Amino acid sequence: MAGTDLVMYEEEFHLIDAELQRLHNQANAKVVFLVDKNGQLIASVGETKGIDTTSLASLTAGNIAATGGMAKLLGEKEFSILFHEGEKDNIHISIIGQRVILVVIFDQRSSLGLVRLRVKKSSEVLTGIFETMQVKSEQDKAKGKTSASPFAEITDEDIDNLFG
Amino acid sequence: MSFINYSSREINVKLVYYGPGLCGKTTNLHYIYKKTNPDAKGKMISLATETERTLFFDFLPLALGEIRGFKTRFHLYTVPGQVFYDASRKLILKGVDGVVFVADSQLERMEANVESIENLRINLAEQGYNLDTIPYVIQYNKRDLPSVAPVAEMEKLLNPKGLPSFEAVATTGIGVFDTLKNLAKQVLFELKKGR
């Protein structure tokens, strides 16, 4: 199977959330969110009301994937930063530790320079957190701790119930 | 590659609908979208051309309920079926947990079906997956049309291993949920094994 499943525990989630909060404040951003490369939303902070974050996450990942495909064709490893400029809102997208995507939405209250600067700092912190997560999940796997999975005792009936 | 979030008690799973051009992948998603409780679904997103051919992907998030206290979300994607969009198809298979192959039952589309399944096998392998081990369902779509191949023949051609398969008419919804349910089941059982 390609790659490992991403498992997020309470502790790391709080660290990530705190870092996103800090970035949100320091960069004067509207919304900050984190998506994994497969399009799953990991965390979001800011004015997320009225924004369809699930769809935004999936499109962001599609965007990064398409840009990554372009990079490969040109012999680049990846294009690690994307920037979309709108009339009011702008989106700054960057890849962190080759695994997750950091998205910052901002308007005229902030500037591209400020966002870039703050994103760079947060990237380092977030990379560290994800490395710890990776190590932890590998250790758990080695210990055979997978039996703690909430799905270990799932039954046919549980699944049938989902579909009503 | 599912994503389990212990903090928000959520599990996210990615399912991809694959198949030749115009076989009904988007139609499957449209039907699911139409028949799902509004609280359970997000917006359906279609990145399509002006003639409604899928350009990059369709996306439909479904929150079906809870299993053992975990909110279970399925993210359904389709790929563009047309041959020349192969680069996009590869991208969408990234991190996939389960695949539905939608086959077009019309006799004249058999070659396209075979080509597409072969393409699926290659593109999965490029991402490190094996079509023989990943959760996988085949759907024989368009059973209502006049010039369809017999199911037994399609089984022989497209499904020699006898994996789960369903007959369907996606436009009216026949077989659509049976297909989805079977795949969802396989994916959740895969999670149960803990890989």
Side-chain angles (χ1 to χ4, degrees), chain A residues 1-17 35-43 52-59 61-70 72-73 137 140-141 144-164, chain B residues 1-14 37 40 42-45 47 56-57 59-70 72-75 77 87-88 90-92 94-97 124 126-130 133-134 177 180-181 184-185 188-195:
Chain A
M1 196 57 65
T4 46
D5 289 341
L6 184 61
V7 176
M8 168 117 65
Y9 295 100
E10 200 92 31
E11 199 186 332
E12 282 81 18
F13 183 80
H14 287 310
L15 289 175
I16 289 169
D17 196 55
V35 185
D36 89 341
K37 273 194 166 177
N38 306 323
Q40 325 269 22
L41 183 69
I42 297 173
D52 181 352
T53 44
T54 312
S55 298
L56 208 51
S58 141
L59 290 172
N63 201 337
I64 282 286
T67 315
M70 283 158 61
K72 258 195 201 148
L73 290 177
S137 99
D140 281 357
K141 219 171 200 175
K145 220 176 143 186
T146 40
S147 58
S149 158
F151 298 94
E153 284 163 28
I154 198 170
T155 60
D156 266 3
E157 207 175 301
D158 286 334
I159 295 171
D160 283 333
N161 285 342
L162 273 186
F163 290 87
Chain B
M1 195 144 60
S2 52
F3 171 45
I4 305 177
N5 189 337
Y6 281 90
S7 178
S8 54
R9 299 192 76 76
E10 269 181 19
I11 170 128
N12 291 316
V13 162
K14 178 171 179 177
N37 183 337
K43 227 185 266 161
M44 177 165 167
I45 287 191
L47 303 181
F56 194 5
F57 58 78
F59 169 68
L60 174 60
L62 285 182
L64 287 178
E66 293 194 355
I67 289 191
R68 311 269 152 167
F70 272 71
T72 312
R73 288 179 204 273
F74 290 94
H75 291 178
Y77 285 82
S88 306
K90 285 181 192 176
L91 299 177
I92 293 152
K94 265 187 198 166
V96 64
D97 292 298
L124 277 175
E126 264 181 38
Q127 310 281 347
Y129 299 100
N130 182 345
T133 52
I134 193 171
F177 275 97
L180 173 62
K181 218 162 150 175
K185 222 177 227 187
L188 293 172
F189 272 101
E190 196 65 24
L191 285 177
K192 177 182 172 174
K193 282 192 229 155
R195 288 204 200 115

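Remember, it's a predicted structure, so these values are computed and weren't measured experimentally. Values below: all heavy atoms of this structure, side chains included; hydrogens, waters and symmetry mates excluded. In what follows, every chain begins at residue 1, and chains take the letters A, B, ... in the order their sequences are listed.
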> Relative to chain A, which of L64(B), N130(B), L180(B) shows the most heavy atom pairs under 4.5 Å?
Replying inline: L64(B)

> Looking only at heavy atoms, which two atoms of V13(B) and Q40(A) are closest? And how far apart?
Replying inline: N-NE2, 4.3 Å

Counting only non-hydrogen atoms closer than 4.5 Å, does [X] touch chain A with its backbone (N, CA, C, O), its side chain (CB onward), both, or neither?
| X | value |
| --- | --- |
| E10(B) | neither |
| L47(B) | side chain |
| I92(B) | neither |

> If you tally heavy-atom pairs under 4.5 Å against chain B, which of A43(A), G39(A), G69(A), S58(A) wins?
Replying inline: S58(A)

> Listed by chain and number, what are the salt bridge (charged side-chain N to carboxylate O under 4.0 Å, His left out) partners of K185(B), not counting sequence neighbours?
Replying inline: D160(A)

> Mind checking what makes salt bridge (charged side-chain N to carboxylate O under 4.0 Å, His left out) contact with E126(B), not counting sequence neighbours?
Replying inline: K90(B)

Hey, what do you get for [atom1] ([X]) to [atom2] ([Y]), rounding to the nearest 0.5 Å?
| X | Y | atom1 | atom2 | answer |
| --- | --- | --- | --- | --- |
| K94(B) | D36(A) | NZ | CG | 11.5 Å |
| I64(A) | L91(B) | CD1 | CG | 11.5 Å |
| N38(A) | N12(B) | CG | CG | 10.5 Å |

> Heavy-atom distance under 4.5 Å between the side chains of F59(B) and T54(A), does that happen here?
Replying inline: yes

> Is it the backbone or the side chain of L73(A) that comes under 4.5 Å from a heavy atom of chain B, or both, or neither?
Replying inline: neither

